[in-house]
Amino acid sequence: MVTYTRAFADIFIQENKAQILSKYRLNYHLMSEYGWMNDPNGFIQYKGEYHLFYQHYPYKPVWGPMHWGHAVCSDMINWRYLPVAIAPDMEYDKGGCFSGSAIEKEGSLHLIYTGHVLTGPDKEHDYVQTQNLAISTDGITFNKWSDNPVIPLLEIPEGISKKDFRDPKVIERNGKYYMVLGSNDGAGNGLILLYSSEDLITWEFINVIAKSDGHMGDNWECPDIFSMGNRDVLIMSPQRVAAQGHDYHNLHSTMYMIGTFEAHQGSFQYEQYYPIDYGFDYYAPQTTLDDRGRRIMIGWMDMWESDMPTQEGHHWAGAMSLPREIILSGDQLLFRPIEEIMAYRNNPLSLENILLDGEQNMGEQGDSYEMQLVFEPRDAVELGVKLRVGEGEETVITYSTDDRLLSLNRDRAGIGPKGIRRTAIELVDGELALQIFVDRSSIEIFIQGGQKVMTARIYPGEESLGIIVFSKGRCMVKSLCKWDLMR
Ligand code: FRU
């Protein structure tokens with residue numbers, strides 16, 4: 001059997017990273033230095049810098065025994081890689097160091113993660129999972145706790161899956177630590193478990209705080225819980241949610257619920273749940289609270305079992321979304337790009353009051369930019385913008401005024417997965433405002449000030465750089481601003 005170590009992983013990455021093909025590499029989003037990346041882990045501000053860890057298989061651009069990659073940054077955009085933080089090198093995590101979170105205690109950085117262990121030949125079914133601790137005093141070198149696991153199999157309560165028991169997010173409340181974990185009831189319903197601890201080492205099960213009503217996925221992954229104002233928010237990534245109208249069309253989804261969390265009693269009361277993202281590629285988001293009081297969320301900008309063209313010959317796969325600031329607005333959340341991104345703007349373009357009736361090629365070229373558009377539909381039945389336009393290629397955002405649906409169509413976006421996603425959007429004061437981020441092989445659309453977001457990976461040719469605004473019927477583009485984004 002291969003023994004994976006941090007040192008071996010670091011050497012391998014340094015020796016091989018020159019092979020990476022730059023074609024679809026993103027400019028201002030985080031990717032692994034080499035090999036595979038999935039979920040964000042351990043997102044935290046520690047000793048003044050933002051740390052982000054990630055699920056990482058450094059040897060090939062495919063999922064494999066998980067390591068934790070590690071990057072730090074002062075602005076969440078210009079990341080710098082640090083050595084691999086943890087490798088699957090112990091009995092209790094030899095199948096992989098799965099997702100988890102970070103918390104600072106007495107000046108040390110504590111990582112709490114899931115140890116994955118295979119128990120038989122069927123990788124899909126034969127496994128067990130426990131919760132483990134690794135500690136660092138400098139934020140770079142982590143030592144696994146000598147008495148891992150801190151939550152062994154025995155502490156899984158009755159009626160809960162004996163194998164899906166993962167992705168601990170630890171928070172502090174009223175001087176106590178609380179951990180939420182994703183699982184299911186073994187009968188097709190995802191759920192969230194709550195544990196508590198005084199010291200991060202001894203944990204006590206409190207309760208199941210949320211559970212699928214039968215339509216919310218058969219297993220829940222990557223939970224996170226936090227307060228905003230006087231409300232509490234639970235987010236998680238439910239697996240295999242069946243489509244509900246235009247929502248939940250991906251294999252796996254993301255959801256948030258706003259409610260009331262009583263940590264001590266172990267209850268979370270909520271009324272409604274909503275998708276976090278309405279596009280194709282957004283999963284396993286995690287949040288942190290920074291020293292400016294902002295709640296910031298970052299997600300994996302890909303989807304399981306969706307074709308990832310860079311896996312063939314490019315030596316890398318997987319990227320993180322832009323960090324998004326979460327804002328509570330009434331009974332819903334708004335998601336907005338962090339303002340730090342503005343420091344990377346170059347070559348500004350600003351146009352106003354373009355009267356449209358048909359297509360207008362903006363002559364603007366680019367593969368890494370931010371664009372802000374405000375449309376006033378007037379008598380148009382359809383309007384929108386085509387991006388990454390080239391020989392037979394286009395990624396199309398369309399708003400149709402009859403049914404008030406915004407769609408993102410990547411059927412002709414290039415190579416890679418196709419499809420269309422739609423979501424209902426109301427005009428605000430008669431206007432539609434889009435803030436769009438394009439970055440080589442990604443697009444993120446923040447709609448109406450962050451009311452909804454659509455995220456997708458796209459793989460157009462390098463020459464497909466055009467931008468076209470269009471309408472069917474008369475429409476006013478009240479403003480179009482664009483900046484190249486360079487890091
Ligand atoms: C979510 C997930 C987690 C798990 C990790 C393994 O994408 O399946 O539940 O910890 O990825 O890489």
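We use all heavy atoms of the structure for the numbers below, so side chains are in, but hydrogens, waters and symmetry mates are not. Whatever order the structure lists ligands and atoms in, that order sets their numbers, starting from 1. Please read all numbers here as calculations on a predicted model, not as lab measurements.
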Just jot down the side-chain contact (heavy atoms from CB on, under 4.5 Å) partners of D411, sequence neighbours excluded, or say none. N409, K418

Note down each nitrogen or oxygen pair, ligand 1 side and protein side, whose separation is under 3.5 Å; give only atom names and the distance to 0.1 Å.
| from | atom 1 | to | atom 2 | distance (Å) |
| --- | --- | --- | --- | --- |
| ligand 1 | 7 (O) | D39 | OD1 | 2.7 |
| ligand 1 | 7 (O) | D39 | OD2 | 3.2 |
| ligand 1 | 7 (O) | W304 | NE1 | 2.9 |
| ligand 1 | 8 (O) | E221 | OE2 | 3.0 |
| ligand 1 | 9 (O) | R166 | NE | 2.8 |
| ligand 1 | 9 (O) | D167 | OD1 | 3.4 |
| ligand 1 | 9 (O) | D167 | OD2 | 2.6 |
| ligand 1 | 9 (O) | E221 | OE2 | 2.9 |
| ligand 1 | 10 (O) | S99 | N | 3.1 |
| ligand 1 | 10 (O) | D167 | OD1 | 2.6 |
| ligand 1 | 11 (O) | N38 | ND2 | 3.3 |
| ligand 1 | 11 (O) | D39 | OD2 | 3.2 |
| ligand 1 | 12 (O) | N38 | ND2 | 3.1 |
| ligand 1 | 12 (O) | Q55 | OE1 | 2.7 |
| ligand 1 | 12 (O) | W63 | NE1 | 2.9 |

Output yes when R487 and D439 qualify as a salt bridge under the 4.0 Å nitrogen-oxygen rule, no when they do not. no

Determine whether H215 and V241 make a side-chain contact, defined as any pair of heavy atoms from C-beta on separated by less than 4.5 Å. no

Could R231 and D331 be called an ion pair, given the rule that one side-chain N must be under 4.0 Å from one carboxylate O? yes

Does CG in D138 sit with more than 12 non-hydrogen atoms of other residues, nucleotides or ligands closer than 6.0 Å? yes

Salt bridge check: are E49 and R80 linked by an N-O gap of less than 4.0 Å? yes

